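As the structure is a prediction and not an experimental result, all values here were calculated from the model. In this chain, numbering begins with 1 at the start of the sequence shown. Atom set for the values below is all heavy atoms of this structure, side chains included, hydrogens, waters and symmetry mates excluded.
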Amino acid sequence: METVAYIDVLAREGALLAESAESAGTDAKVPTCPGWQVRDLLRHTGTVHRWAETIVAEGHTGPRPDGGLPDLDGGDLLAWFREGHGRLVDTLTGAAPDMRCWHFLPAPSPLAFWARRQAHETTVHRVDAESALGGAPTAVGADFAVDGIDELLCAFHARPRSAVRTEEPRTLRVRATDVPGAVWTVRLSAEPPVTDRTGDGDADCDVSGPAALLYPALWNRLPFPEVAGDASLAALWREKSGITWK
């Protein structure tokens, strides 16, 4: 996907998140994030937006602390969220393609990284906001879903901090059934997972389904559409694959 496409997704998903949060109310529980209410979701996502925007806008060359969670609620919190989301969209839109700043996953450029990361960050949390209303979440496009699966498997869980590990080597296969070639083989061991973008060889467990359902499932927002083989590996993923903010 092109950077501009990620920014378009970010703009749309942030608006949907705010609309769902406003409809649910800040007291509403967020079923996909046990222990959170909508106010926690808005504070977290809004803080991430401002943190990312500052890094890009000021060209920071190393990590920097976030600004902390705001002591806001209700309409003031929603306005704060919308303002920060809008600033992030505007900053990414206006940034030079060759701008330089810190980023923490492999990417063609810093701008491409931040546009992609914030598009997926916001989409996953939009699913959270919609869960506070009940019903099925708004679907995402298959290509964007595949991109998000790839980021999660090949980038996030390639890092040393990934907790998805097994004592003995095991293999988890992930397959988007509606996108030709969208298959990943995740090799698990006592070391960080190693993911290949292939479906070669046998797998101990296969999780599959339409990309738009598999994407939030891998982020532990929905059940896996289909599980075949050793279901304990799917359970291990759900238990250990969470990505923490700090």
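Ring-plane geometry between W102 and F104 is classed as tilted, the angle between the planes lying from 30 to 60 degrees on a 0 to 90 degree scale. Using a 30° and 60° split on the angle between ring planes, H125 and H44 fall in the perpendicular class, above 60°. Ring orientation note: the planes of F156 and W219 are nearly perpendicular, at an angle over 60° on the 30°/60° scale.
No salt bridge links E19 with R126; every basic N to acidic carboxylate O contact stays at or beyond 4.0 Å. A salt bridge links R221 with D128: the closest approach of a Lys/Arg side-chain nitrogen to an acidic carboxylate oxygen falls below 4.0 angstrom.
Residues L88 and F144 fall within the same hydrophobic cluster, defined by Ile, Leu, Val, Met, Phe, Trp and Tyr side chains chained together at heavy-atom separations under 4.5 Å. The cluster map of Ile, Leu, Val, Met, Phe, Trp and Tyr, joined by side-chain heavy atoms under 4.5 Å apart, puts L222 and L214 in different clusters.
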>> If you apply the rule ring-ring contact (aromatic ring centres under 6.0 Å, His included), what do you find for W51 with H60, and how did you get there?
In response: CA-CA 11 Å; W51 172 74; H60 290 278; over 10 Å; no
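Between the CZ atom in R82 and the CG atom in L17 there is a gap of 9.5 Å [rounded to 0.5 Å]. Between the CD1 atom in I243 and the CG atom in N220 there is a gap of 9.5 Å [rounded to 0.5 Å].
Remark: R43 is not positioned above the aromatic ring of W36, lacking an NZ or CZ atom under 6.0 angstrom from the ring centre and at most 45 degrees off the axis.
In summary, of the residues considered (R173, R170, R187), a salt bridge (Lys or Arg N to Asp or Glu O under 4.0 Å) with D204 occurs for R170 alone.
Taking D90 as the reference, nothing meets the salt bridge (Lys or Arg N to Asp or Glu O under 4.0 Å) condition, with sequence neighbours excluded.
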